[in-house]
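What follows is one structure encoded as structure tokens, with my remarks underneath.
Every number for a ligand or one of its atoms is a count from 1 in the order of the listing. From a predicted model like this one, the values you see are computed outputs, not experimental measurements.
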Amino acid sequence: MDETQKREPLDVVVIGAGFAGLYMLHKLRALGMKAVVLEAAENVGGTWYWNRYPGARCDVESLEYSYSFDDALQQEWHWSERYATQPELLRYINHVADRFDLRRDIRFNTRVASAARDEQNNLWTLSSEGGETFTARYCISAVGCLSLPSLPAFKGRDSFAGRLYHTGLWPREGVDFTGLRVGVIGTGSSGVQVIPHIAQQAKHLHVFQRTPHYSVPAKNRPLDPGETARYKARYPEHREAARQSAIGIAGFPVPTQSALEVSAEERTEAYGMGWERGSTGYTRIYTDILKNEVANATASDFVKMRIQQVVRDPAVATRLTPRYMIGTKRLCLDTQYFETYNRENVVLVDVSEAPIDQITEHGIRTTAREYELDAIVMATGFDAITGALKGIDIRGSGGQSLAQKWEAGPRAYLGLMTSGFPNLFLITGPGSPSVLSNVVTSIEQHVEWIADCLAHLRQHGIARMDADLAAEDRWVQTVNEAANATLLPKGNSWYLGANVEGKPRVFMPYAGGVGNYRVVCDQVVIDGYRGFLLS
Ligand code: NAP
């Protein structure tokens, strides 16, 4: 008899102990459900467990990038800086795990290898890489959207004699780059954060840039106790505003004007203020920056002008100047990023024309020349949104594979369920606002929706829930329309899977706004779980 048969099935098995998995467990406990969370890492934290690279910091303000579900928690937790560092966020997540006594139902060091639907018994069986099995009536994915690191398959990667790192798999003990010749590949959000830190330590830093990216200064600072107290006094209002907002952030002013209906002087002043404010809200200063190419050019040009002002060598400044429309790839937030290129020990290598040909024993060889290095840091991003799920062998009704179903791009109803995989829920799944929002706001909305749904199923004696294929198809269409109403599909971004070779080019998150999305999800419930098959 194997492990599975010896045990009573659980009510729920949750995959992942990051922000989503922890809150899901807390809600399931409140429902009196027997639940277990399976977590690959040895501790809680999800993305904040793995991304320990120097400079790792959130780009949503701490007072907003945190749970709202427990008032005592949000009142008592003290955030020290405007944008929290990775260590502070990890302390917070650990505090939450302890405060709500969550660890006793989390199996650490348990990476899920497969999840198979047993239609006859209406169960899911999950197997870990270590050979353990867990059986439950419901399976909830809390695997995160940016959790599977993408390591480009450079020739000779294993031949490098020095040390090779990925920002999303950073060693727990940290890395000392003192006196080393370091190469960083990638200049997205991770790259712009890690590069200034490595530059300060390393003897020499080569940055291998394929695409110059937009970044605005974070203007991070310690949080003033008076300011925090005033904010906390109105926490419920702020949280509600975030839930109703476009991207799950209360602090971004809601734009009311087109960039094209004001004078050039007025625009320059507004962009200047946006730059000084320091937030990714920069692309939301006007209503149409992400909708109209001419409006977008005005916002893009301002940042380009700033780059030219900051970077002293005009040739380097030109190579650092983005050529795409701002916001169509995720806008970065940095501290001293462009300034770093004024340092004597930093060289920018443009690999857009002379790409990286291979990694050699001694370093990196582009099609132009070889660079000798002691360490290489890949800040090359993630197989976003679908990678972690497709990495698990998930089999639905009739043995259908999720990876196969999503071969031409992910399909999910409301991003919450995918047809043919009954009783499998996806927190921040494809087709939901997820990465286009303050993800904690979106996680809370999904967790609460799923918990309410499970309570409803129990109350009405419903054992099986699936997404209706026609409803799913209509939602995928809605997701496409929402994206096409913006400029977002025009960038070569990971939102589209463009960063991973061979990945289908499909815009994955829902761009219609967090507040609007919440209304749709709530209405679906009011309409008796419209678009779901309950039996
Ligand atoms: P990313 O935005 O996908 O950036 C990856 C970088 O690696 C890009 O510059 C990319 O160039 C480059 N790259 C990939 N393959 C390459 C190759 N074969 N040769 C040369 N260059 C290559 O990944 P990320 O920086 O890790 O950020 C991912 C997302 O995580 C962010 O957008 C954000 O949502 C989140 N994040 C947030 C924070 C924060 O809160 N502050 C920090 C880090 C990450 P191309 O652009 O040409 O593809």
Side-chain angles (χ1 to χ4, degrees), residues 46-48 50-62 64-65 82-86 89 144-155 157 165-170 183-195 197 206-218 220 247 249 278-280 320 322-324 327-335 337 348-359 364-367 376-385 387 428 434-440 488 491-501 503 508-509:
T47 199
W48 298 108
W50 297 103
N51 285 270
R52 295 165 186 259
Y53 59 86
R57 190 185 283 285
C58 190
D59 61 4
V60 177
E61 297 195 31
S62 331
E64 298 224 41
Y65 191 89
R82 180 183 181 196
Y83 294 105
T85 58
Q86 175 272 338
L89 276 157
C145 293
L146 294 160
S147 46
L148 184 67
S150 166
L151 286 117
F154 295 119
K155 264 185 294 173
R157 207 172 66 196
Y165 306 98
H166 187 285
T167 45
L169 292 170
W170 205 257
V184 173
I185 305 174
T187 53
S189 297
S190 304
V192 305
Q193 289 188 331
V194 81
I195 285 165
H197 284 258
H206 280 95
V207 177
F208 296 84
Q209 172 194 268
R210 188 167 65 182
T211 305
H213 288 149
Y214 291 96
S215 184
V216 297
N220 184 48
I247 57 167
I249 296 178
S279 88
T280 53
L320 283 167
R323 295 180 283 272
Y324 62 92
T328 59
K329 277 168 157 289
R330 164 91 170 220
L331 179 60
C332 305
L333 211 57
D334 74 271
T335 300
Y337 174 65
L348 178 68
V349 182
D350 184 346
V351 292
S352 61
E353 281 178 8
I356 296 173
D357 177 43
Q358 71 174 97
I359 293 181
I364 293 177
R365 186 184 297 148
T366 68
T367 52
I376 297 174
V377 174
M378 300 230 197
T380 47
F382 301 88
D383 184 348
I385 305 178
T428 62
S434 64
V435 293
L436 295 179
S437 68
N438 172 0
V439 79
V440 185
L488 293 173
N492 261 330
S493 69
W494 55 260
Y495 300 141
L496 283 154
N499 63 323
V500 174
E501 233 182 285
K503 197 165 170 171
M508 295 179 282

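Summary of contacts: the protein heavy atom closest to atom 4 (O) of ligand 1 is G188 CA, 3.6 Å. Looking only at protein heavy atoms, the nearest one to atom 40 (O) of ligand 1 is D59 N, 3.0 Å.
Using a non-hydrogen distance threshold of 4.0 Å, I185 registers as a contact of ligand 1. Within the 4.0 Å heavy-atom cutoff, L333 does not count among the residues contacting ligand 1. Under a 4.0 angstrom heavy-atom cut-off, W494 registers as being in contact with ligand 1. Contact annotation: T167 has no heavy atom less than 4.0 Å from any atom of ligand 1. Contact between H213 and ligand 1 is present, with at least one heavy atom of the residue lying under 4.0 Å from the ligand. Under a 4.0 Å heavy-atom criterion, K329 is in contact with ligand 1.
Between M378 atom CE and S190 atom OG the span is 13.5 Å, to the nearest 0.5 Å. Atom CG of residue L146 and atom CG of residue N51 lie 8.5 Å apart, to the nearest 0.5 angstrom. In this structure, CG on L320 lies 5.5 Å from CD on Q209, to the nearest 0.5 angstrom. From I385, atom CD1 reaches atom OG of S434 across 5.0 Å, with rounding to the nearest 0.5 Å. To the nearest 0.5 angstrom, N220 atom CG is 11.5 Å from D334 atom CG. Atom CZ in R157 sits 10.5 Å away from atom CD1 in I376 (nearest 0.5 Å).
Only backbone heavy atoms of A379 (N, CA, C or O) come within less than 4.0 Å of ligand 1; its side chain stays farther off.
Of the polar atoms of F154, none of the N or O atoms is found under 3.5 Å from an N or O of ligand 1, judged by distance alone. Geometrically, ligand 1 and S190 share a nitrogen or oxygen pair separated by less than 3.5 Å. The shortest N or O to N or O distance between Y53 and ligand 1 is not under 3.5 Å. Residue Q193 has at least one nitrogen or oxygen atom sitting less than 3.5 Å from a nitrogen or oxygen atom of ligand 1, judged on distance alone.
Ligand-side atoms of ligand 1 in range of T187: 6 (C), 8 (C), 9 (O), range being under 4.0 angstrom from any heavy atom. Listed by atom number, the atoms of ligand 1 under 4.0 Å from G381 heavy atoms are 3 (O), 5 (C), 23 (O), 24 (P), 26 (O). Per-residue contacts place T211 under 4.0 angstrom from the following atoms of ligand 1 (heavy atoms of the residue considered): 45 (P), 46 (O), 47 (O). The ligand atoms of ligand 1 that sit less than 4.0 angstrom from a heavy atom of L146 are 29 (C), 30 (O), 34 (O), 35 (C). Within ligand 1, the atoms closer than 4.0 Å to a non-hydrogen atom of G186 are 6 (C), 7 (O), 9 (O), 12 (C), numbered from 1 in the order shown.
Put simply, the side chain of T328 never gets that close to the backbone of L488: no donor and acceptor are under 3.5 Å apart. A donor-acceptor pair is defined here as one N or O able to donate and one able to accept, closer than 3.5 Å; no such pair exists between the side chain of K503 and the backbone of A498. Listed for the Y495 side chain is no donor-acceptor partner under 3.5 Å among the backbone atoms of A384.
Proximity annotation for atom 13 (N) of ligand 1: of R57, R330, R210, H166, R210 comes nearest, heavy atoms only. Closest heavy-atom approach to atom 31 (C) of ligand 1 within the set G491, A153, S189: this belongs to S189.
In this structure the side chain of V377 reaches within 4.5 angstrom of the side chain of Y165, judged on heavy atoms. Considering only heavy atoms from C-beta on, R210 stays 4.5 Å or farther from P355 through its side chain.
With ring centers used as reference points, Y65 lies 6.0 Å or more from Y83.
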